[in-house]
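Since the structure comes first, as structure tokens, the remarks are kept for the end.
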Amino acid sequence: MKIRILSSAIEDLSDGFKFYESQRKNLGSYFLESLYSDIDSLKMKAGVHPKVFGYYRLLSKRFPYAIY
């Protein structure tokens, strides 16, 4: 499976990092590690997620983010 991270998604990750880091030191790093871990899990679980808007959607385990 090929995974592509759009530039708009990179901006969302950057904004999320800044937000969570402003809430508590190192929480931004934890946010990024969690989201990238969720993204990496797509390689093993490809195609098992429900389709929303024509794309497979994975909800992040720890943060209120969806990965399409």
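Keep in mind that what you see is a predicted model, and the values were worked out from it rather than measured.
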Legend entry - Non-hydrogen atoms of I39 and I3 that approach each other most closely: O-CD1, 3.6 Å

Legend entry - Gap separating the CG atom of D38 from the NZ atom of K45, nearest 0.5 angstrom: 8.5 Å

Per-pair distances, 0.1 Å, donor-acceptor, side chain in residues 7-17, under 3.5 Å, sequence neighbours excluded:
none

Inset, instruction - List, by chain and then residue number, the residues other than V48 in its hydrophobic cluster (Ile/Leu/Val/Met/Phe/Trp/Tyr, side-chain heavy atoms under 4.5 Å); write none if there are no others. - result: none

Inset, instruction - Take L58 and Y65 through the side chain to side chain contact (heavy atoms under 4.5 Å, CB included) test and state the conclusion after the steps. - result: CA-CA 9 Å; L58 165 68; Y65 278 71; over 6 Å; no

Legend entry - Between NE2 on residue H49 and CD1 on residue I67, distance to nearest 0.5 Å: 8.5 Å

Could you give the side-chain donor-acceptor pairs of residues 21-29 under 3.5 Å, partners two or more places apart or in another chain?
residue	atom	partner	partner atom	Å
E21	OE1	N26	N	3.3
E21	OE1	G28	N	2.9
E21	OE2	N26	N	2.9
S22	OG	F19	O	2.6

Inset, instruction - Can you sort out the partners of Y30 under ring pair (Phe, Tyr, Trp, His ring centres under 6.0 Å), two or more places apart, ordered by chain and number? - result: F63

Legend entry - Connected hydrophobic set around V52, excluding itself, where side chains approach under 4.5 Å: F53, Y55, Y68

